[in-house]
Amino acid sequence: MFVRWLLPVLLALSTEANFFQFGTISNVSTYYFNYIYCNIWEGECQPNQDDATQQAVPTRDLWAGFSHDYSSLLHQWYCSLGQCCDSGDCRITNNITGLERDLKTKLHGQHLVQSVVLKAIQGFINNPESNKPLTLSFHGWSGTGKNFVARIIADNLYRDGVKSECVRLFIAPFHFPHARLVDTYKGQLREAIRDVVLRCPQTLFIFDEAEKLHPGLIDAIKPYMDHYDNVDGVSYRRAIFLFLSNIGGATINDVALDFWHSGQNREDIGMEDLEHRLRAETMESHGGFAQSELMSGHLIDFFVPFLPLEYRHVKLCALDAYTARGLETDEATLDEVAKAMLYVPKEERLFSAQGCKSIPQRINFFLP
């Protein structure tokens, strides 16, 4: 059925070939033959056929030599396969409104993260002439939302979220477990980043447990985050790098505790109270960050602090977990879930030691 529908279109195009510029129809024919052969008939693609240079999304300018009826028909058919859209690359959504909404409604107790991340991402997206990639370093205890925010960013900037071919997640102890293989890892990491950048005009790279990265591994990709027009002919200026680590978690907690002891609201904590401390502690820490040129070269744009979560925030996380599963609950049950968590310091019992990390699993215990 598909072939019977498509062949008349291609035949009609060929009958009007005299009205087209040869170069235009040749390029279009080659592109669509390759696409159909590789993706619909599942033939064996030629080497580099799916390279970024071959996969550029067709635009209306490409159709200038075609009659309107035929070009519109073929263009609509191609777009129905999900390969193009009015905004350009369909894989990239850049939904800043959605990002702002999700940070505000889904993330609890993190006013600094909500402000800094939104402004940093929005400013980068709105400035296509940025002189370097955007590099953010997330700091805080486990369970405070670092991975959650990275996922929110991916979900709102890319149609397929973290599963997008424009997004790569690296987990330090999983992807790079052996120090003796660091030279091998360097080549693999450089190649992986280069490959994604060639395939996507805007990319996102997430490094979880970044404090466990070998310094040589960070230095290997340092040029990709620097102020270069290109590296070996490839521009990395439209890339976003996120580094997630527990470095500075104790410092962040101390500042939050000091504010509580002095009777101030945690919402009064500002970046000026934490960012310089995080930078200093990261420089003095053990591991890849402190010894890398990423720090000495001042290439991290923002050190983003994730505050420890209090009892009230844990209740909100529990409510979200129930809602996500389509379950009803009440205040008494939410209190029971929150009370089951461990709180520190020992005297004040103010902050959840696990943040909200285990809440989705813990609510199972309280189901009827």
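The first residue of the sequence shown is numbered 1, and numbering continues consecutively from there.
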hydrophobic_cluster_shared for Leu350 and Ile359, side chain cutoff 4.5 Å:
no

Distance-only side-chain donor-acceptor flag, Ser358 / Arg362, under 3.5 Å
yes

With a 4.5 Å cut-off on side-chain heavy atoms, are Val197 and Phe205 touching?
yes

So that I can tick it off, tell me whether Arg237 and Asp229 are bridged by a salt bridge, with the cut-off set at under 4.0 angstrom between side-chain N and carboxylate O.
yes

Interatomic spacing from CG in Asp155 to OG1 in Thr93 - rounded to 0.5 Å:
9.0 Å

Here the gap from Asn246 atom CG to Ser285 atom OG, rounded to the nearest 0.5 Å, amounts to 11.5 Å

Atom CD of Glu336 and atom OG1 of Thr329: how far apart are they, to the nearest 0.5 Å?
10.5 Å

If I take atom CZ from residue Phe207 and atom CD1 from residue Ile171, how far apart are they, to the nearest 0.5 angstrom?
12.0 Å

Looking at Phe366, I'd like to know if its CZ atom is crowded, meaning that more than 12 non-hydrogen atoms belonging to other residues, nucleotides or ligands lie closer than 6.0 Å.
yes

Is it true that Leu169 and Val162 fall in one hydrophobic cluster, defined by side-chain heavy atoms closer than 4.5 Å?
no

List the atom of Pro215, the atom of Ser292, and the distance in Å for their closest heavy-atom pair.
O-CB, 4.2 Å

Would Asp232 and Arg194 count as a salt bridge (Lys or Arg N to Asp or Glu O under 4.0 Å) here? Give the steps.
CA-CA 10 Å; Asp232 292 333; Arg194 184 177 187 274; over 6 Å; no

State, without any angle test, whether Asp320 and Thr323 hold a side-chain donor-acceptor pair at a distance under 3.5 Å.
no

For Asn156 and Gly98, which heavy atoms make the closest approach, and how far apart are they?
OD1-C, 3.1 Å

Is there a donor-acceptor contact under 3.5 Å linking the side chains of Asn364 and Arg325?
yes

Excluding sequence neighbours, so at least two apart, what forms side-chain hydrogen bond (donor to acceptor under 3.5 Å, both in side chains) with Asp335?
Tyr311, Lys315

Please answer: with hydrophobic residues joined when any side-chain heavy atoms are less than 4.5 Å apart, are Val149 and Leu278 in the same cluster?
yes

Got Glu100 and Gln122 here, is their nearest side-chain heavy-atom distance under 4.5 Å?
no

Looking only at the aromatic ring of each residue, does the gap between the centers of Phe138 and Phe243 stay below 6.0 angstrom?
no

Relative to each other, are the rings of Phe176 and Tyr185 parallel, tilted or perpendicular (30° and 60° limits)?
perpendicular

Contact check, side chains of Phe241 and Ile300, non-hydrogen atoms, under 4.5 Å
no

Please determine whether salt bridge (Lys or Arg N to Asp or Glu O under 4.0 Å) holds for the pair Asp183 and Lys186, giving the CA-CA distance in whole Å, both sets of side-chain angles, and the decisive distance to 0.1 Å.
CA-CA 5 Å; Asp183 288 336; Lys186 287 180 184 180; 3.7 Å; yes

May I ask you to say whether Lys146 pairs ionically with Asp208, meaning some side-chain N is under 4.0 Å from a carboxylate O?
no

Side-chain contact, heavy-atom cut-off 4.5 Å: Leu307 with Arg266?
yes

How close do Leu213 and Ala172 get, counting heavy atoms only, and between which atoms?
CD2-CB, 3.8 Å

For Gln188 and His175, what are the C-alpha separation, side-chain angles and deciding distance, and is it a side chain to side chain donor-acceptor pair (under 3.5 Å)?
CA-CA 10 Å; Gln188 293 174 344; His175 289 97; over 6 Å; no

Go through the steps for Thr135 and Leu299 under the test side chain to side chain contact (heavy atoms under 4.5 Å, CB included), then give the verdict.
CA-CA 7 Å; Thr135 304; Leu299 296 178; 5.5 Å; no

Using distance alone, with no hydrogens and no angle criterion, decide if Gln264 and Ser262 have a side-chain donor and acceptor under 3.5 Å apart.
yes

Under 3.5 Å, is there a donor on one side chain and an acceptor on the other for Ser142 and Lys357?
yes

Closest heavy-atom contact between Leu309 and Gly143?
CD1-O, 3.7 Å

cation_pi(Arg238, Phe124) dist<6.0 Å, angle<=45:
yes

What is the distance from atom CD1 of Ile153 to atom CD1 of Ile206, rounded to the nearest 0.5 Å?
7.5 Å

Would you call Phe302 and Ser137 a side-chain contact if the rule is heavy atoms closer than 4.5 Å?
no

Spacing of CG belonging to Leu157 relative to CD1 belonging to Ile152, to within rounding of 0.5 Å
11.5 Å

Can you establish whether the number of heavy atoms outside Lys132 located under 6.0 Å from its atom NZ is more than 12?
yes

Do you see a donor-acceptor pair shorter than 3.5 Å between the side chains of Asn94 and Gln202?
yes

Minimum side-chain heavy-atom gap Pro308-Ile252 below 4.5 Å
yes

Leu134 reachable from Phe170 in the ILVMFWY side-chain graph, under 4.5 Å edges:
yes

Are the charged groups of Lys222 and Asp219 less than 4.0 angstrom apart, N to O?
no

Hey, are His261 and Glu348 close enough side-chain-wise for a donor-acceptor pair under 3.5 Å?
yes

Residues Thr251, Asp254; criterion side chain to side chain donor-acceptor pair (under 3.5 Å); working and verdict
CA-CA 5 Å; Thr251 297; Asp254 289 343; 5.4 Å; no

Between His108 and Cys356, is any pair of side-chain heavy atoms under 4.5 Å apart?
no

Single-linkage hydrophobic cluster Leu198~Tyr158, side-chain heavy atoms < 4.5 angstrom
yes

